[in-house]
2 protein chains.
Amino acid sequence: MELQLQIKMNEALFLRNPEQTELGKKILMHSIQLIYKNGFETFTFKKLAKDIGTTEAGIYRYFENKHRLLLYLVAWYWSWLEYQISFHTNNINDPLIRLKMVIKLLATTVKDDEKTSYVNESLLHQIVISEGSKAYLTKHVSEDNRHHFFKPYKDLCAVIGDLISECNPKYKYPKSLASTIIEMAHFQNFFMNNLPSLTDFGINKDEAKIISFLDDLVFSSINKI
Amino acid sequence: MELQLQIKMNEALFLRNPEQTELGKKILMHSIQLIYKNGFETFTFKKLAKDIGTTEAGIYRYFENKHRLLLYLVAWYWSWLEYQISFHTNNINDPLIRLKMVIKLLATTVKDDEKTSYVNESLLHQIVISEGSKAYLTKHVSEDNRHHFFKPYKDLCAVIGDLISECNPKYKYPKSLASTIIEMAHFQNFFMNNLPSLTDFGINKDEAKIISFLDDLVFSSINKI
DNA sequence: TTATTAATGATAGTATTACTATCATTAATA
DNA sequence: TATTAATGATAGTAATACTATCATTAATAA
């Protein structure tokens with residue numbers, strides 16, 4: 001069985017749909033590799049063009065600028081993750097077990113998904129950890145929000161928030177707890193690998209411990225009477 | 001009584017000590033204003049120089065580049081906050097009350113501190129909320145860490161972690177919980193003001209609710225048996 | 001008092017970044 | 001066969017991120 005997964009992206013994110021052409025797919029594939037390797041700050045369209053074997057102008061036909069490309073990649077990731085969550089929590093009735101699964105999916109290193117040929121989810125996951133917050137930590141966050149560029153992130157947060165409310169309808173901060181889980185799944189990973197003294201996982205760098213921490217955090221909060 | 005507060009900064013952060021000259025103090029004062037106003041991305045030494053009435057080269061004599069200046073400002077902020085914490089928790093014996101005070105100090109909008117003439121803590125607090133993570137979310141985080149540029153942040157985290165352990169010696173994740181509190185005090189504030197659907201405080205934008213959320217999160221976690 | 005040093009000002013220059021514009025070529029479709 | 005869509009090739013511009021040089025001024029030491 002060979003499946004192909006296509007994620008419907010907000011069309012305002014790009015000038016030309018990168019998923020519909022060979023060059024577009026190359027832009028996605030190589031930008032993920034380059035940003036993963038050298039970070040978003042030093043990433044330029046010129047370097048990307050050289051890497052692909054096209055010209056700078058060629059890239060600009062797809063994305064207005066590198067920030068839009070980052071928004072695209074990050075939005076793609078959150079959409080993909082929401083799909084993963086709905087896939088893996090399907091048929092599980094107990095919301096507590098579903099929530100546990102969500103935490104696991106958020107905090108576990110991702111393997112490359114064969115269903116998406118031009119996106120390496122494993123690298124993209126690392127990019128979202130290191131660069132994801134830069135998507136919204138800008139002066140134009142409200143404008144970008146008006147364009148619905150953060151919809152996949154907000155949708156995911158809403159899904160998790162609803163799940164938390166399902167576990168405990170009386171819990172007062174489901175959305176904030178949801179965004180806390182999402183952010184901390186990534187920040188604790190980044191800290192563990194780069195500033196380990198900010199975590200309790202520095203010695204063996206075991207992501208299972210991040211999951212335990214988040215489980216403890218979440219279920220302590222919502223299991224109270 | 002007129003006091004002057006001087007924070008001892010890591011000398012590797014600057015080329016020439018900005019606190020020791022008039023121009024240096026202007027650089028700190030005006031960079032805070034400019035970054036607050038336009039964000040770190042569009043902030044340049046050229047604009048800063050023009051704002052101050054000096055030349056670009058003049059700024060470069062103090063800071064190697066704008067990222068070092070950001071590191072300086074953020075490090076300054078965390079040092080200042082640790083001082084605030086030690087000041088406000090002095091004479092409080094109960095670690096639970098001390099921890100509550102810490103959360104309050106982390107999550108409360110800061111007023112300008114008269115004791116530091118050339119740093120507007122209120123604006124700096126907003127900068128740390130919006131730009132603080134960019135200090136370490138880089139490819140050179142390990143190198144910067146080797147230079148001890150994050151020491152004030154790590155020190156603060158250690159102080160809070162120790163306080164958590166004092167509240168409950170059996171709690172397994174004091175450092176991770178500490179970094180979670182610090183980050184979330186800021187992220188929930190940013191979300192509340194810019195992407196309110198990611199929080200439960202969107203309607204009235206009341207930072208007291210952020211404090212309640214963090215209190216609930218922390219004390220649920222550590223008060224278990 | 002003069003000599004020396006430290007800090008600043010003024011100016012110039014370079015490589016890179018972040019784009020925009022134009023025109024020719026090729027491939028796909030009508 | 002004509003038309004359109006996508007790409008390639010090239011050029012150019014303003015801004016960014018620096019580095020270098022030399023003159024001037026202010027503070028301090030001999």
Side-chain angles (χ1 to χ4, degrees), chain A residues 9 11-31 34-35 37-73 118 131 134-135 138-140 143-144, chain B residues 9 11-31 34-35 37-73 118 131 134-135 138-140 143-144:
Chain A
M9 298 294 294
E11 301 203 347
L13 278 168
F14 49 76
L15 301 169
R16 185 173 294 169
N17 194 332
E19 294 186 297
Q20 281 172 359
T21 65
E22 280 312 305
L23 180 58
K25 289 173 194 172
K26 275 188 198 165
I27 290 173
L28 298 181
M29 199 160 58
H30 286 81
S31 66
L34 268 184
I35 296 173
K37 199 175 160 208
N38 306 318
F40 185 65
E41 265 66 59
T42 63
F43 170 78
T44 70
F45 277 3
K46 191 165 199 174
K47 289 175 191 167
L48 176 59
K50 201 183 167 193
D51 205 52
I52 293 174
T54 182
T55 60
E56 222 182 333
I59 317 284
Y60 277 105
R61 289 188 183 114
Y62 284 83
F63 291 99
E64 237 178 280
N65 53 55
K66 72 172 188 168
H67 190 257
R68 286 289 167 97
L69 174 52
L70 179 66
L71 286 171
Y72 182 98
L73 294 175
Y118 43 90
E131 323 285 356
K134 296 171 192 168
T138 69
K139 274 285 157 184
H140 46 90
E143 206 193 319
D144 287 351
Chain B
M9 297 295 294
E11 300 203 347
L13 277 169
F14 49 76
L15 301 169
R16 185 173 295 169
N17 194 333
E19 294 186 298
Q20 282 172 0
T21 64
E22 280 312 306
L23 181 57
K25 289 174 194 172
K26 274 189 198 165
I27 289 172
L28 297 182
M29 200 160 60
H30 286 81
S31 66
L34 269 184
I35 296 173
K37 200 175 162 212
N38 306 317
F40 185 65
E41 264 66 60
T42 63
F43 169 79
T44 70
F45 278 3
K46 191 165 198 175
K47 290 174 191 167
L48 176 60
K50 201 183 166 192
D51 205 52
I52 293 174
T54 181
T55 60
E56 222 182 333
I59 317 284
Y60 277 105
R61 288 187 185 115
Y62 284 83
F63 291 99
E64 235 178 282
N65 53 54
K66 71 172 186 166
H67 190 258
R68 286 289 167 98
L69 174 53
L70 179 67
L71 285 170
Y72 181 98
L73 294 176
Y118 43 91
E131 323 286 354
K134 296 171 191 168
T138 69
K139 274 285 157 183
H140 45 90
E143 206 193 318
D144 287 350

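Lettering of chains follows the sequences in order, A, B, ..., and the numbering in each one begins at 1.
- In this structure, A:L34 CG and A:L48 CG are separated by 6.0 Å, a value rounded to the nearest 0.5 Å.
- Taking the side chain of B:E56 as heavy atoms from C-beta on, and the options C:dC19, D:dA17, C:dT11, the nearest nucleotide is D:dA17.
- For the pair A:R16 and A:Y62, the distance from NZ or CZ to the six-membered ring centre is under 6.0 Å and the angle to the ring normal is within 45 degrees.
- Contacts between residues 41-48 of chain B and DNA chain D, defined by a heavy-atom separation below 4.0 Å, involve B:T44, B:K47, listed by number.
- Rounded to whole Å, atom C1' of D:dG8 lies 18 Å from atom NZ of A:K50.
- Protein atom CG of A:L15 is 11 Å distant from nucleotide atom P of C:dC19, rounded to whole Å.
- In summary, B:K134 and B:E41 engage in a salt bridge, as defined by a charged side-chain N under 4.0 Å from a carboxylate O.
- Within the cation-pi definition used here (under 6.0 Å to the ring centroid, within 45° of the axis), B:K66 does not qualify as a partner of B:F43.
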With pairs defined as Watson-Crick or G-U wobble and both distances under 3.5 angstrom, please note down DNA chain C as a dot-bracket string, | for pairing with another strand. ||||||||||||||||||||||||||||||

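- For B:K139, the NZ atom is densely surrounded, since the number of other residues' heavy atoms within 6.0 Å is greater than 12.
- Listed by residue number, the members of residues 60-73 of chain A with any heavy atom below 4.0 angstrom from DNA chain D are A:R61, A:Y62.
- Distances from the side chain of B:T55 to the nucleotides D:dT7, C:dT11, C:dA18 place C:dT11 closest.
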